[in-house]
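Below is one structure, written out as structure tokens; the observations come after it.
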Number of protein chains: 2
Amino acid sequence: MARKHNPADPPPTISDATLRGFSGYVMKRAFNAIQADVNASLAPLDLRMLTFSALSVIVDNPGLRQSQLADALSIERPNLVIVVDELERRDLILRNPAPGDRRAYALQATLKGMRLYTKALGAVQAHEARMTKGLSEDERQALIAMLSRIET
Amino acid sequence: MARKHNPADPPPTISDATLRGFSGYVMKRAFNAIQADVNASLAPLDLRMLTFSALSVIVDNPGLRQSQLADALSIERPNLVIVVDELERRDLILRNPAPGDRRAYALQATLKGMRLYTKALGAVQAHEARMTKGLSEDERQALIAMLSRIET
DNA sequence: TATTGTTATACTCTATAACTATA
DNA sequence: TATAGTTATAGAGTATAACAATA
């Protein structure tokens with residue numbers, strides 16, 4: 001029979017069993033751990049998760065518009081502006097005039113941007129291996145697939 | 001053979017395939033969707049994900065200390081203060097004097113707090129069902145288990 | 001009229017240092 | 001000395017309204 005502690009004393013161990021049944025709560029905790037680790041991994045390169053993600057999409061999609069980048073990253077256009085500002089100020093990307101639409105920019109990574117991206121990619125891959133070392137590769141893929149399904 | 005678009009034009013579709021291989025990126029997107037949905041679900045009760053989580057742990061662990069609650073929620077003690085302040089101000093919890101330690105509080109949900117928690121739990125369960133409707137129950141459990149393993 | 005990028009603004013969550021009162 | 005709770009502060013991410021220039 002389970003011993004019950006005297007409620008006048010602090011509980012010796014704390015249960016969050018109810019919350020542990022909700023994906024959002026567990027996901028928040030996992031994501032906080034991941035974000036801290038990836039940001040620490042990218043800090044030596046003066047990048048963060050968000051700036052790395054933006055740079056990655058620009059490298060892979062030369063000529064894209066800011067609105068396309070915002071859509072791809074699932075962030076609001078106003079919040080993207082300072083991210084692009086930062087990458088441009090550091091000469092990692094260019095805001096070229098968009099041919100045929102004088103309102104828009106055609107984003108493009110510079111050589112410096114591509115080189116930094118290559119280094120950052122290595123750091124992120126090491127981070128990923130570290131964070132998912134408790135999972136098999138099949139599990140890791142399944143995790144990503146389930147998260148993608150939830151997002152929709 | 002794949003058609004390549006003219007790089008002077010904006011890419012017709014944007015690829016984030018590289019990023020999609022990293023759990024942190026996919027998790028961030030899934031978590032943003034979840035947090036928006038759970039906060040919208042809890043808004044009619046004037047709760048947010050964080051205040052609901054705190055209330056849940058207090059309901060399940062009467063008499064716990066603030067430092068125990070901060071540990072349970074994986075947040076820093078200073079950040080917990082305003083959360084507990086808010087719950088106390090709304091008479092959802094009590095900061096009782098902790099017997100035997102005049103520095104500490106013994107947290108306890110009020111009847112009002114327990115009633116609100118019951119309502120909120122229903123809202124969160126509906127939210128969970130909505131967000132994971134693309135997953136089987138086995139998959140949902142596996143997802144939570146994998147996220148828990150990553151957190152460590 | 002609608003869209004692109006921008007500014008301004010506000011809210012939430014997070015992280016750290018330093019204080020107080022107790023232990 | 002160390003711990004519980006607190007204050008102050010700063011950084012990062014997110015969301016919305018409104019604007020100028022252009023379509």
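Evaluation of atom-type donor-acceptor distances gives no pair under 3.5 Å for the side chain of B:Asp101 against the base of D:dA4. Side chain B:Arg103 to base D:dT3: a donor-acceptor pair is found below 3.5 Å.
Although no hydrogens or angles enter the test, the distance criterion places no donor-acceptor pair under 3.5 Å between the side chain of A:Thr132 and the main chain of A:Arg140.
Side-chain nitrogen and oxygen atoms of A:Arg77 include none within less than 4.0 Å of the OP1 or OP2 phosphate oxygen of D:dT16. Phosphate contact (OP1/OP2 of D:dG5, side-chain N/O of B:Ser67, threshold under 4.0 Å): present. When the side-chain nitrogen and oxygen atoms of A:Gln68 are compared with OP1 and OP2 of C:dT4, none of them lie within a distance under 4.0 Å. Between B:Lys28 and D:dA12, a side-chain N or O to OP1/OP2 separation shorter than 4.0 Å is absent. Listed pair B:Asn79 / C:dA15 fails the phosphate criterion, with no side-chain N or O lying under 4.0 Å from OP1 or OP2.
Among the heavy atoms of the strands, none lies under 4.0 Å from A:Leu80. Counting any heavy atom pair closer than 4.0 Å across all strands shown, A:Glu76 reaches a base atom.
If you measure from atom CD of B:Gln35 to atom C1' of C:dT12, you get 8 Å, rounded to the nearest angstrom. The interatomic distance linking B:Glu88 (CD) with D:dG5 (C1') rounds to 12 Å, in whole Å.
Between A:Thr51 and B:Pro78, the residue whose closest nucleotide on DNA chain D is further toward the 5' end is B:Pro78.
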